[in-house]
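Okay, so here's the structure we're looking at.
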Amino acid sequence: MSGSSTSCRSPLLLILLLYPLAGESQHTAAAGGECDTLLAVKKDWGSPTQLAYWDPATAANHCTWKGVRCAGGGIVTELSFPGLNLTRPVPASVCALKNLTRLDLSYNTLTGAFPAAALYACAQLRFLDLSNNHLSGPLPADIDRLSPAMEHLNLSTNLFIGEVPPTIARLTALKSLLLDTNRFSGAYPAAGISELVRLEMLALANNPFAPAPVPPEFGKLTKLNYLWMSGMNLNGEIPEAFSSLTELKVLRMSSNKLTGKIPAWVLQHGKLEYLYLFGNGLSGELPRNVSAVNLIELDLSMNHLTGEIPEAFRDLKKLTLMFLYQNQLTGSIPAWVFQHEKLEYLCLDENGFTGNLPRDITATNLILLNLSRNQLTGEIPQGFGNLKNLKRLFLQNNRFTGTLC
Ligand SMILES: *[C@@H]1O[C@H](CO)[C@@H](O)[C@H](O)[C@H]1NC(C)=O
Ligand SMILES: *[C@@H]1O[C@H](CO)[C@@H](O)[C@H](O)[C@H]1NC(C)=O
Ligand SMILES: *[C@@H]1O[C@H](CO)[C@@H](O)[C@H](O)[C@H]1NC(C)=O
Ligand SMILES: *[C@@H]1O[C@H](CO)[C@@H](O)[C@H](O)[C@H]1NC(C)=O
Ligand SMILES: *[C@@H]1O[C@H](CO)[C@@H](O)[C@H](O)[C@H]1NC(C)=O
C-alpha cells in the first residue's frame with residue numbers, strides 16, 4: 001500500500017474492517033471501496049489533470065470531490081463532469097460503482113465509438129449524457145444492453161453514423177431520447193420508438209435520414225412535451241394523428257419538405273410555447289381557430305402560406321417572436337401587432353401585405369421590426385420614433401411616403 005494520496009483506507013480502518021461488528025463500520029467499508037474505485041477510474045482514464053482534485057490527500061471524503069455525488073454511506077450515485085475536455089474513452093471501471101445512476105460527460109471531447117462495453121455493466125444507470133462530444137461510428141446493434149432502468153439517453157451532437165438500431169426501442173423506461181445533430185442515415189425505427197410511451201422528449205433532428213413522411217404513429221407518444229424533428233428530410237403533411245400530443249410545449253419541424261396546410265390543432269394546443277415550422281413547403285391559409293394562448297415564439301417563415309393574418313392571433317398575448325417572412329400573405333397588417341406589449345422580434349418581410357400602418361404604435365419592446373418587401377403604403381408612422389428598444393428597423397421596398405423622424 002502506497003501513500004495516502006493513492007489509497008482511501010487508513011490502517012486504523014483496516015483494523016476495524018477485520019472486526020466488522022457494527023453497521024457503521026460496514027458503511028465505512030463500502031465508502032472505502034467506492035473511494036478506491038474512483039481512484040481506479042481516474043487512473044484508467046489516464047489521470048487527467050482535470051481530475052486532480054480526486055485525491056484523498058486533499059479531501060478525505062470522496063463524496064465532496066467535484067463532480068461526485070453520493071447517497072448515504074458514501075455510495076457513489078452520480079458522476080457529473082461536463083465541459084472538462086476529457087478526450088480518452090470512458091474506462092470500464094466506471095461501472096464498478098455499482099450504484100451509479102447518473103453519468104454526465106457532455107461537452108467534453110470524447111472520441112472513438114459509443115462506449116458500449118464500458119457502460120453495459122452499469123446496471124442501475126438511468127441518466128446518460130454523452131452529448132456534445134466527438135463520438136463516432138455506428139451505435140451498437142445491442143444497445144439495449146444498457147441498463148433497463150435507462151430513462152434519459154442524450155447522444156445529441158456527436159459524429160455517429162449509420163442506422164439507429166431498432167433495439168433502442170427495447171429501452172422501455174426511456175423518458176427522453178435525444179439523437180439529434182449526428183450523421184445518422186437510412187430509416188429510423190419509427191414503429192419501435194412509437195412504443196416508448198413514457199417519452200417526454202424526443203429529438204431526431206439534424207440527421208441525413210432517408211426522405212420519408214412524418215410517422216403518424218408518433219401520435220401515440222402522448223406524454224411528449226418536446227418534439228424536435230427539424231432538418232431530417234421529412235416530407236408529406238403534418239399528420240392529423242399529432243393532434244393527440246396535447247402536452248407539447250415545443251414543436252420544431254423546420255427545414256424539411258413538409259407540404260399541405262398547417263393543421264388546425266397546431267394552434268389549439270394550450271400548452272404549446274414554441275412552434276417552429278419555417279423552411280418547408282406549407283401552403284394554404286393560417287388556422288383561424290386559435291387557442292394556443294401560451295405561445296411565446298411562432299416561426300412559420302419561408303413557406304407558401306397565403307391569406308391574411310387571422311384576427312384570432314390577437315389572443316396570442318405572450319408572443320415575443322413572430323416570424324412570418326417569405327410567404328405570400330396578403331391584406332393589411334393588423335393594428336394589434338403594433339400594440340403587442342411582449343413582442344420583441346417581428347419579421348413580416350417578403351409577403352404581399354398592403355395598406356397603411358396604424359398611427360398608434362405602442363409595442364415598445366420591439367427590438368427587430370422587418371416589414372421590407374411588401375406593398376405597404378401611406379406615411380411611415382411617427383410612432384416608430386417612440387420604440388425605445390428598437391435596434392433594427394427595415395422598411396425598404398414598400399410604397400411608403402414621407403420620412404422617418
Ligand atoms: C478546455 O480547452 C479549452 C481550449 O483548449 C480551454 O480554453 C479550456 O480552459 C479547457 N477547459 C478545461 C476545464 O480544462
Ligand atoms: C445500491 O444498490 C443495491 C442493489 O444493487 C441496493 O441494494 C442498495 O440499496 C443501493 N444502495 C444505495 C445507497 O442506493
Ligand atoms: C441531454 O438530455 C437530457 C435529458 O435527456 C437533459 O437533461 C440534458 O440537459 C441534455 N444535455 C445537454 C448538454 O443539453
Ligand atoms: C374551435 O376549436 C374548438 C376546439 O377544437 C372547437 O370546439 C370549436 O368549435 C372551434 N370553433 C370554431 C369557430 O371552429
Ligand atoms: C429584412 O428583410 C429583408 C428583405 O426580406 C432581408 O433581406 C433582410 O435580411 C431582413 N433582415 C432581418 C434582420 O430580418
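Quick note: residue numbers are just sequence positions, from 1. Counting starts at 1 for both ligands and their atoms, in listed order. Worth saying up front: this structure is predicted, and the values here are computed from it rather than measured.
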Exercise for review: Look up atom 14 (O) of ligand 5 and tell me if a protein heavy atom lies less than 4.0 Å from it?
Suggested key: yes

Within 4.0 Å of atom 7 (O) of ligand 5 (strictly less), any protein heavy atom?
no

Establish, from distance only, whether the side-chain atoms of S244 and T222 form a donor-acceptor pair under 3.5 Å. no

One finds that the ligand 2 atoms under 4.0 Å from a non-hydrogen atom of Q124 are 1 (C), 2 (O), 3 (C), 4 (C), 5 (O)

Practice problem: Report yes or no: is the cationic atom of R252 (NZ for Lys, CZ for Arg) closer than 6.0 Å to the six-membered ring centre of W228, at no more than 45° off its axis? | Solution: yes

Atom CZ of R288: over 12 foreign heavy atoms under 6.0 Å
yes

Ligand 3 atoms nearer than 4.0 angstrom to some heavy atom of L178 are 1 (C), 2 (O)

re atom 1 (C) of ligand 5, the protein heavy-atom contact at minimum distance is N370 ND2, 1.4 Å

In terms of heavy-atom contacts, L305 and S283 come closest through CD2-O, 3.9 Å

If the threshold is 4.0 Å, N to carboxylate O, is there a salt bridge linking E195 and K220?
yes

Taking only non-hydrogen atoms of N154 and a 4.0 Å limit, the atoms of ligand 3 in range are 1 (C), 2 (O), 3 (C), 8 (C), 10 (C), 11 (N), 12 (C)

Heteroatom distance test (S372, ligand 5): nitrogen or oxygen, under 3.5 angstrom
yes

- Message: When you compare ligand 3 with S176, is there at least one nitrogen or oxygen pair between them that comes in under 3.5 angstrom?
- Response: yes

